[in-house]
Number of protein chains: 2
Amino acid sequence: MKLSTKGRYGVKAMLDLALHNSEGQVSLKSIAERQEISENYLEQLFASLRKANLVKSIRGSQGGYMLAAEPANITIGSILRALEGSLAPVDCVMETDPAKCKRSDCCVTKFVWQKIRDSINEVVDSITLEDLINEYKKTNNKDELMFYI
Amino acid sequence: MKLSTKGRYGVKAMLDLALHNSEGQVSLKSIAERQEISENYLEQLFASLRKANLVKSIRGSQGGYMLAAEPANITIGSILRALEGSLAPVDCVMETDPAKCKRSDCCVTKFVWQKIRDSINEVVDSITLEDLINEYKKTNNKDELMFYI
DNA sequence: CCAATTCCAAGTGCATTACTCGGTATTACC
DNA sequence: GGTAATACCGAGTAATGCACTTGGAATTGG
């Protein structure tokens, strides 16, 4: 029941992007350095994030990425699902194209998996990047430079 | 963010055991046949369940397993944690011995992981085996023999 | 033109999962 | 007392997925 690095790195990277959103596009290299994540690996994550319309890219020299929407309109759930796929704990309760199980008693345990799925989605969809920015400012209330250390 | 077969099989097997609880001890072989799970693999799961005091065993011929408590007093959470370990989505928010992260911004994303962890625990600890038995009877309200098909 | 960047597809090493296998210990039943 | 059925135990293994790496091609500011 663990999130993979995709989800974890993705949220960190998106928060990094959100905190530097005012500076225009941000290169993967700078995010990778600040967050200590492999730049090549980040590429893959941002490919998914771009396909999910969560970030916009600017190609070429001095290029980079920007949030595709206001931090208040980007939920953690949308980031996680873009990178991890469905957050359903079992394939038979995935939102789209659920795996069929032949056993009748599956339907009983399904009851549990659905409740887990729903509670996870409810939590992650109720938190936005803006919430994390606020939380960040509250926690590290000195100045923005804290972020680089 | 998927449960492993340990958790899934474990809940199925415990529900099977609960439904046959009145018949005295139940052999792994019969559970394995009904639930179509490898008997050898089930052995490993029941070793964990026994250590967690969720089942009692009777050795020897005609031996088997019984629930160690009333179905109403066995939560799905206790089963899942016995088999999967902590249900925390990230190691840094495990209930016991959380992994330390050096980065200060980790504390912000931690905020998210904690909320996910808490909501999962809340759901699985609120459902007992008795709830599943009732759900089972409601779903398959013909007779118990349905279970074997 | 060149360096910096995004973009893309494929390959790889490692760890974990989901088992299997072989054997021992215990006990009901004949 | 023998035997079959069961729980118990530890090690081994094949397959899978994860977490990257590699080697490029395309794009663009300076």
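Here the structure is a predicted model, which is why all the values come from computation and not from measurement. Proteins get letters first, then strands, A, B, ... in listed order; numbering begins at 1 in each. The basis for the numbers below is simple: all heavy atoms, side chains too, and nothing from hydrogens, waters or symmetry mates.
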Student: Between A/Tyr65 and C/dC7, is there a contact of a side-chain N or O with OP1 or OP2 at under 4.0 Å?
Tutor: yes

Student: It should be established whether B/Ser61 places a side-chain nitrogen or oxygen under 4.0 Å from OP1 or OP2 of nucleotide C/dC29.
Tutor: no

Student: Counting side-chain heavy atoms from C-beta on, which of C/dC7, C/dC19, C/dT5 comes nearest to A/Lys29?
Tutor: C/dT5

Student: Rounded to the nearest Å, what distance is computed from the CE atom of residue B/Met1 to the P atom of nucleotide D/dC18?
Tutor: 14 Å

Student: Name the nucleic acid region contacted by A/Gly60, choosing base, sugar-phosphate or nothing; use a 4.0 angstrom heavy-atom cut-off, strictly under.
Tutor: base

Student: Over how many whole Å does the gap from B/Asn40 atom CG to C/dT17 atom C1' extend?
Tutor: 16 Å

Student: Take the protein atom CD of A/Gln44 and the nucleotide atom P of D/dT22, then report the distance between them rounded to whole Å.
Tutor: 13 Å

Student: Taking 4.0 angstrom as the limit, do A/Asp125 and A/Arg81 come out as a salt bridge?
Tutor: yes

Student: Checking side-chain polar atoms at under 3.5 Å, does B/Asn21 have a donor or acceptor matched by the opposite partner on B/Glu70?
Tutor: no

Student: What I want to check is whether an N or O donor and acceptor connect the side chain of B/Gln62 with the base of C/dC29 at under 3.5 Å.
Tutor: no

Student: Is the shortest side-chain N to carboxylate O distance from A/Asp131 to B/Lys115 below 4.0 Å?
Tutor: no

Student: Is a donor-acceptor pair below 3.5 Å formed from side chain A/Arg59 to base D/dT27, judging by atom type as modelled?
Tutor: no

Student: Between A/Arg8 and B/Thr109, is any pair of side-chain heavy atoms under 4.5 Å apart?
Tutor: no

Student: Is A/Ser38 close enough to D/dC20 that one of its side-chain N or O atoms is under 4.0 Å from OP1 or OP2 there?
Tutor: no

Student: Between B/Gln25 (CD) and C/dT26 (C1'), how many Å, whole number?
Tutor: 14 Å

Student: Is there a donor on the side chain of B/Glu43 or the base of D/dT6 sitting less than 3.5 Å from an acceptor on the other?
Tutor: no

Student: Side chain of B/Arg50 only, please: which of D/dC9, D/dT21, D/dT6 is the nearest?
Tutor: D/dC9

Student: To the nearest Å, how far apart are A/Phe46 CZ and C/dT5 P?
Tutor: 14 Å

Student: What integer distance in Å separates A/Glu36:CD from D/dC20:C1'?
Tutor: 16 Å

Student: Identify, between A/Leu3 and B/Leu28, the residue whose nearest nucleotide on DNA chain D lies closer to the 5' end.
Tutor: B/Leu28

Student: Respond yes when some side-chain nitrogen or oxygen of B/Ser27 is under 4.0 Å from OP1 or OP2 of D/dA5, and no when none is.
Tutor: no

Student: If we count only N and O atoms by modelled type, under 3.5 Å, do the side chains of A/Thr5 and A/Tyr41 hold a donor and an acceptor together?
Tutor: yes

Student: Strictly below 4.0 Å: does B/Ser4 bring a side-chain N or O up to OP1 or OP2 of C/dA18?
Tutor: yes

Student: Taking atom C1' of D/dC20 as reference, at what distance in whole Å does atom CG of A/Leu83 sit?
Tutor: 15 Å

Student: Just checking B/Arg8: base, sugar-phosphate only, or nothing, at a heavy-atom cut-off of under 4.0 Å?
Tutor: nothing

Student: Please give, in whole Å, the distance from C/dA15 C1' to B/Asp91 CG?
Tutor: 14 Å

Student: Is there a donor in the side chain of A/Ser4 and an acceptor in the side chain of A/Glu84, or the other way round, less than 3.5 Å apart?
Tutor: yes

